[in-house]
Amino acid sequence: MASTVASDADVQILIMVDEKSLSPGTNDGIYVMDNTSGSQSVTTLTAGLAWQTVAGQGDIIAWNIVPLNPQSFKEFKITNISNSKAWGFGGTPTNAIDEENAMVGRADESGKYTYSISISVSDGDSTLDDLDTFTIPASIDIR
């Protein structure tokens with residue numbers, strides 16, 4: 001079982017959301033970056049393109065989400081990291097115990113895999129009427 005502490009992760013994936021550019025049904029206003037060398041530094045998601053990262057076999061990976069505007073009153077959450085052979089028998093990534101908006105998993109199987117990251121954006125008042133969900137297509141190359 002992978003560590004559930006995001007701050008211990010070898011690979012840090014940061015999802016930044018620009019609430020003013022969000023559009024339901026698209027990934028406009030969603031930016032993704034990570035700390036791995038050789039991957040793109042910041043990716044603006046466009047239709048049909050998956051975000052990609054590289055990890056070593058056995059690396060712990062943390063996904064975190066933050067607003068682009070630090071004064072935002074909206075609530076941003078990663079709700080799911082999809083099942084993928086990349087996570088092996090260790091299971092899909094789970095909520096981190098040290099960061100409220102983070103999930104943690106382990107790169108278990110060598111190879112190139114696809115998965116998705118589901119996020120939600122709400123007004124922060126817990127009414128479902130104000131909830132928008134987005135799915136980020138992603139891929140990982142585990143070496």
| query | What are the two closest non-hydrogen atoms of Ser110 and Gln57, and how far apart are they? | reply | OG-OE1, 3.0 Å

| Do Ser21 and Asp28 have a side chain donor and acceptor closer than 3.5 Å? | no

| request: Could you check if a side-chain atom of Ile119 sits within less than 4.5 angstrom of a side-chain atom of Thr79, using non-hydrogen atoms only? | output: no

| Interatomic distance, Ile13 atom CD1 to Ile61 atom CD1 [nearest 0.5 angstrom] | 5.5 Å

| task | List the atom of Val11, the atom of Asn35, and the distance in Å for their closest heavy-atom pair. | result | CA-OD1, 3.4 Å

| said: Show the nearest heavy-atom pair for residues Asn101 and Ile78, with the distance to one decimal. | reply: O-CD1, 3.8 Å

| field | Residues forming a salt bridge (Lys or Arg N to Asp or Glu O under 4.0 Å) with Asp141, sequence neighbours excluded | value | Arg143

| task | List the atom of Ile140, the atom of Ala55, and the distance in Å for their closest heavy-atom pair. | result | CD1-CB, 4.0 Å

| message | Under a 3.5 Å cutoff, is there a donor and acceptor pairing between the side chains of Asn83 and Thr92? | response | no

| task | Give a yes or no answer on whether the side chain of Asn80 reaches the backbone of Ser118 with a donor-acceptor pair at less than 3.5 Å. | result | no

| message | Donor-acceptor check, side chain of Ser139 to backbone of Thr114, threshold 3.5 angstrom: yes or no? | response | no

| Ion pair Arg106/Asp59, N-O distance below 4.0 Å | no

| query | Within a strict 4.5 Å, meaning less than it, do heavy atoms of the Pro93 and Val104 side chains meet? | reply | no

| Side chain to side chain, Tyr113 and Ile142, heavy atoms closer than 4.5 Å | yes

| message | Strictly distance-based, threshold 3.5 Å: is any side-chain N or O of Thr4 a donor or acceptor partner for the main-chain N or O of Ala96? | response | no

Please report, to 0.1 Å, the donor-acceptor pairs under 3.5 Å made by any side chain of residues 64-71, with sequence neighbours excluded.
residue, atom, partner, partner atom, Å
Asn64, ND2, Glu99, OE1, 2.4
Asn69, OD1, Gln71, N, 2.8

| field | Phe134 to Ser23 - nearest heavy-atom pair and separation | value | CE2-O, 3.6 Å

| query | Measuring from Ile60:CD1 to Asp10:CG, what's the distance to the nearest 0.5 Å? | reply | 6.5 Å

| request: To the nearest 0.5 Å, tell me how far Met33 CE sits from Thr53 OG1. | output: 12.5 Å

| Where is the tightest heavy-atom contact between Glu109 and Lys85, given as atom of each residue plus distance? | CG-O, 3.1 Å

| request: Determine which pairs satisfy ring pair (Phe, Tyr, Trp, His ring centres under 6.0 Å) with at least one residue from residues 82-105, sequence neighbours left out, and list them in order. | output: Trp63-Trp87, Trp87-Tyr115

